[in-house]
Amino acid sequence: MPQFDLAASLTSIAQTIASAVMALVFFGFYRQYRKSYLLHWTLGWTALAINNLFTAVGLWLAQGLRVSSSEPVAVIVAMIAGVSGYLQIGWLLFGVYELVRRRPVRLAESRRIIWALFAFGLITSLLFASRTSAPSLRYLTRDGMQSFAAAVGFGVASFVLWRVRARRVGIGFTVLGTAFGVYALEQLHNLGLALMWAIAGRTFQYANYIGYVDFLLQSVMAIGMIACVLEDEREAAELAAVEIEHLAYHDQLTGLPNRPLFMDRLIVSLAQAHRGQQKLAVFFLDLDRFKDINDSLGHTVGDTLLKGVAERVRRCTREGDTVARFGGDEFTLLIPKIENIEDAAKIAQKIIETLKIPFLVNDRELFVTTSIGVSLYPIDGTDPETLVRNADTAMYRAKEQGRDNYQLYAPAMNAQAVERLALENMLRKALSQKELVLFYQPQIDASTRAVVGLEALVRWRHPEMGMVAPAHFISVAEKSGLIVPIGEWVLRTACRQLKTWQRKIDPEITVAVNLSARQFQQPDLVAMIRSAIDETGIEPCCLEVEITESNAMQNAEHTMYILRELKAIGVRISMDDFGTGYSSLNYLKRFPIDTLKLDRSFIKDVNTDANDAAIVTAVIQMAHSLNLKVVAEGVEREDQLEFLTRQRCDIIQGYLFSKPLPVDQLETFMSERKAATA
């Protein structure tokens with residue numbers, strides 16, 4: 001080949017600078033987005049910068065200093081240029097593979113390929129390095145073989161990018177695929193020149209200007225890669241928005257519509273039924289003794305059973321009907337067009353018979369029955385709330401009749417109202433006679449494993465019924481308004497106990513207290529919290545109030561006002577059950593939140609469900625970008641803890657460390673934990 005002139009050397013230096021700049025650009029993208037393909041592209045452009053730099057050095061040694069190719073310094077320069085030239089091919093193509101397939105290259109395979117390219121680059125740079133070797137053979141083994149590898153690799157990448165470009169929005173894949181294809185052809189041309197020189201001894205003067213073409217093509221490749229990054233992030237944001245919207249209106253466990261979506265569809269169906277003077281039916285289903293299954297076999301079995309129930313109920317319906325999970329083991333069904341009461345009865349009976357078939361869960365046969373209540377429009381109500389309430393009333397009547405049956409609503413049904421009134425009276429008595437007690441669940445720092453906080457949880461120690469779980473009385477307290485005095489008692493009791501523990505055990509411990517939707521509507525809420533802080537003498541920053549995502553969004557502007565008032569006095573704010581409601585990310589940004597609590601439904605299968613893993617990872621990254629701490633609830637296994645630790649979750653709460661404990665047991669736990677982590 002003819003000698004390269006000064007222009008060729010300057011072109012290599014320009015390519016070096018451009019490649020280094022691109023490496024910095026993609027490293028910046030990697031730090032922001034943490035995508036593995038961006039790391040590979042960073043390494044690829046870095047290797048290309050090194051290759052261009054040492055190519056220029058080699059030209060300077062050969063031309064300016066007349067250093068022989070067999071001299072050690074020339075051999076070392078050739079080795080670095082050769083190895084980096086092959087490595088940049090591998091890393092750039094790894095990035096393309098991960099971008100197209102949306103999954104990382106297997107670590108073991110990528111390492112083997114990189115080491116193979118390293119070895120091949122090293123060997124080819126050492127061949128024909130002696131003084132007596134023909135320059136044409138040396139050029140063929142060093143540059144020609146590298147051009148061949150680049151032509152094959154980038155040619156395949158171009159073909160793949162062109163095949164998938166139709167499925168991607170934007171021009172990034174088109175530009176990059178075109179640039180790779182032309183670059184592959186240019187590398188084949190370089191191989192042809194090397195072969196012509198080695199075989200026929202023929203050279204071409206225009207070969208001195210190929211560096212300009214390389215520079216141009218690499219610039220187009222860089223533009224295409226940047227476009228691909230921006231389009232990939234835009235698509236990821238769109239997918240995340242779709243996922244968030246789906247989460248807002250669908251139950252995470254069963255995939256069924258949730259309560260807000262069911263009520264929306266019921267409103268629309270009522271309007272259509274009114275215009276067409278038609279009937280519609282609302283069914284309220286509750287699984288019989290489902291709590292016994294959960295308590296005896298665990299939540300995992302219970303969740304699997306709920307999925308099976310949801311699928312069977314869905315199969316009993318027609319297209320256009322809506323099956324929704326209302327919460328817990330409660331399901332609702334909307335039949336928007338129904339001719340008569342008998343048709344509703346047939347559907348209810350069909351569901352009952354379908355659920356009688358045993359479920360096979362973990363090689364265990366489980367039998368479940370359901371109680372169903374049915375209300376009809378316009379006979380039993382003309383608005384969504386009335387129809388759902390009356391179907392719920394009929395369902396309780398079905399349970400009174402021995403379960404495993406259905407009941408049509410009748411105005412005379414007041415058994416549920418009587419029962420709830422009795423429970424309400426007992427709850428008033430419990431509050432006055434101090435039957436309510438507080439349990440506390442520790443919150444563990446993910447890095448130090450020390451207890452950093454406690455969540456206060458109310459329990460009812462009934463003199464005859466024993467310990468009553470909150471699920472049995474909180475809803476009655478909420479509807480009756482008793483939740484307001486109960487909530488105030490919980491807050492003041494938790495603050496007093498916190499002060500005691502700060503003196504005895506840890507002065508930096510904090511406590512979290514739940515606020516219900518009813519409490520949040522009280523005009524004196526902020527004053528009451530300020531009073532509790534002043535009376536007990538705790539620092540405001542040691543108190544954290546928890547609001548649920550769905551409660552916060554019931555009246556977002558009012559929520560924002562109250563939260564700002566609480567922040568003004570120094571209280572910390574936590575959003576509980578994040579991801580299970582239907583909040584707007586715009587409001588989340590505006591709320592003065594300190595902590596997000598990930599709901600246990602996302603944690604449970606985080607190591608086996610890719611969607612759960614992606615959601616948890618995204619929420620943690622989003623929270624940290626907003627300077628929020630993240631608490632993971634329901635952590636029960638070591639593998640869940642390991643995943644959360646890798647994702648830099650801040651605080652862990654769950655049975656893996658401790659269940660909710662009474663005061664005396666918790667003191668022992670905290671003391672032992674403090675000694676163990678000291």
Side-chain angles (χ1 to χ4, degrees), residues 245-251 254-287 309-355 370-399 401 405-417 475 479 550 553-555 581-582:
E245 183 177 358
H246 185 271
L247 286 173
Y249 291 104
H250 290 81
D251 174 57
T254 63
L256 293 176
N258 60 10
R259 183 193 299 252
L261 182 55
F262 179 84
M263 298 303 289
D264 286 347
R265 291 185 179 178
L266 180 54
I267 292 170
V268 173
S269 296
L270 283 172
Q272 293 172 345
H274 177 72
R275 287 195 300 268
Q277 295 185 340
Q278 296 172 326
K279 297 184 180 69
L280 66 76
V282 174
F283 292 64
F284 203 106
L285 293 73
D286 186 89
L287 301 184
V309 169
E311 179 59 26
R312 288 196 190 178
V313 175
R314 191 188 59 79
R315 290 203 302 262
C316 292
T317 62
R318 308 162 302 180
E319 185 177 356
D321 300 340
T322 297
V323 181
R325 186 184 178 200
F326 232 50
D329 60 341
E330 296 176 339
F331 297 85
T332 50
L333 171 60
L334 168 62
I335 309 295
K337 292 182 181 180
I338 197 164
E339 296 298 328
N340 49 58
I341 295 177
E342 288 75 13
D343 292 339
K346 289 178 182 178
I347 295 172
Q349 190 60 43
K350 181 180 179 181
I351 294 173
I352 289 172
E353 295 299 325
T354 301
L355 294 183
T370 184
S371 300
I372 303 176
V374 183
S375 64
L376 298 173
Y377 168 85
I379 304 169
D380 303 323
T382 57
D383 61 89
E385 290 76 14
T386 301
L387 286 168
V388 171
R389 184 174 63 249
N390 289 343
D392 186 28
T393 300
M395 181 272 295
Y396 274 101
R397 178 64 175 171
K399 286 189 177 293
Q401 296 298 314
N405 71 96
Y406 68 89
Q407 292 289 321
L408 302 173
Y409 176 76
M413 290 181 179
N414 61 357
Q416 181 194 25
S475 61
K479 291 178 180 178
S550 54
M553 293 306 299
Q554 287 183 9
N555 187 339
Y582 45 98

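Residues take their numbers from the sequence shown, with the count starting at 1.
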Side chain proximity check, [X] to [Y], heavy atoms < 4.5 angstrom:
X: Leu333; Y: Val374; answer: no
X: Tyr249; Y: Asp264; answer: yes
X: Pro384; Y: Leu270; answer: yes
X: Val388; Y: Leu266; answer: yes
X: Pro257; Y: Arg265; answer: yes
X: Phe262; Y: Phe326; answer: yes
X: Met263; Y: Glu385; answer: yes
X: Ile338; Y: Lys279; answer: yes

Looking at [atom1] of [X] and [atom2] of [Y], how far apart are the two atoms once the value is rounded to the nearest 0.5 Å?
X: Leu256; Y: Leu261; atom1: CG; atom2: CG; answer: 10.5 Å
X: Asp392; Y: Leu285; atom1: CG; atom2: CG; answer: 11.5 Å
X: Ile267; Y: Asp383; atom1: CD1; atom2: CG; answer: 9.5 Å
X: Phe331; Y: Thr254; atom1: CZ; atom2: OG1; answer: 6.0 Å
X: His274; Y: Ser269; atom1: NE2; atom2: OG; answer: 14.5 Å

Quick one: does any side-chain atom of [X] pair with a main-chain N or O of [Y] as donor and acceptor, under 3.5 Å?
X: Thr370; Y: Asp286; answer: yes
X: Thr393; Y: Arg389; answer: yes
X: Thr386; Y: Gly381; answer: no
X: Asn390; Y: Asp380; answer: yes

Using the side chain to side chain contact (heavy atoms under 4.5 Å, CB included) rule, take Phe284 and Ile372 through it: C-alpha gap first, then chi angles, then the decisive distance, then the call. CA-CA 6 Å; Phe284 203 106; Ile372 303 176; over 6 Å; no
Look at Glu353 together with Lys350 and state whether they make a salt bridge at an N to O cut-off of under 4.0 Å.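 Salt bridge absent between Glu353 and Lys350.
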Would Glu342 and Lys346 pass as an ion pair if we require N to O under 4.0 Å?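 A salt bridge is absent here (no side-chain N lies under 4.0 Å from a carboxylate O).
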Go through the steps for Val309 and Leu355 under the test side chain to side chain contact (heavy atoms under 4.5 Å, CB included), then give the verdict. CA-CA 7 Å; Val309 169; Leu355 294 183; 4.1 Å; yes
Here's a test for you: under side-chain contact (heavy atoms from CB on, under 4.5 Å), which of Arg397, Lys399, Gln407, Gln401 qualifies with Ser371?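 The side-chain contact (heavy atoms from CB on, under 4.5 Å) with Ser371 is passed solely by Lys399 among Arg397, Lys399, Gln407, Gln401.
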Which atom pair, heavy atoms only, marks the closest approach of Gly320 to Pro336?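 That would be O-CG, 3.5 Å.
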Please name the pair of heavy atoms, one in Tyr406 and one in Ala345, separated by the smallest distance, quoted to 0.1 Å.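 Looking at all heavy atoms of both residues, the shortest contact is OH-CB, 3.4 Å.
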Output every pair passing salt bridge (charged side-chain N to carboxylate O under 4.0 Å, His left out) with a member in residues 317-337, not counting sequence neighbours, ordered by first then second residue.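 Salt bridge (charged side-chain N to carboxylate O under 4.0 Å, His left out) check on residues 317-337 returns Asp251-Arg325, Arg318-Asp321.
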Quick one: list whatever passes ring pair (Phe, Tyr, Trp, His ring centres under 6.0 Å) with Phe283, sequence neighbours left out.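 Not a single residue meets the ring pair (Phe, Tyr, Trp, His ring centres under 6.0 Å) criterion with Phe283.
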Audit row: Leu334, Leu280, side chain to side chain contact (heavy atoms under 4.5 Å, CB included) steps and yes/no: CA-CA 8 Å; Leu334 168 62; Leu280 66 76; 4.1 Å; yes
In terms of heavy-atom contacts, does CD1 of Ile341 have more than 12 from other residues, nucleotides or ligands at under 6.0 Å?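 No - once you tally the heavy atoms of other residues, nucleotides and ligands closer than 6.0 Å, there are 12 at most.
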Apply side chain to side chain contact (heavy atoms under 4.5 Å, CB included) to residues Thr382 and Tyr377 and explain how you reach the verdict. CA-CA 6 Å; Thr382 57; Tyr377 168 85; 4.1 Å; yes
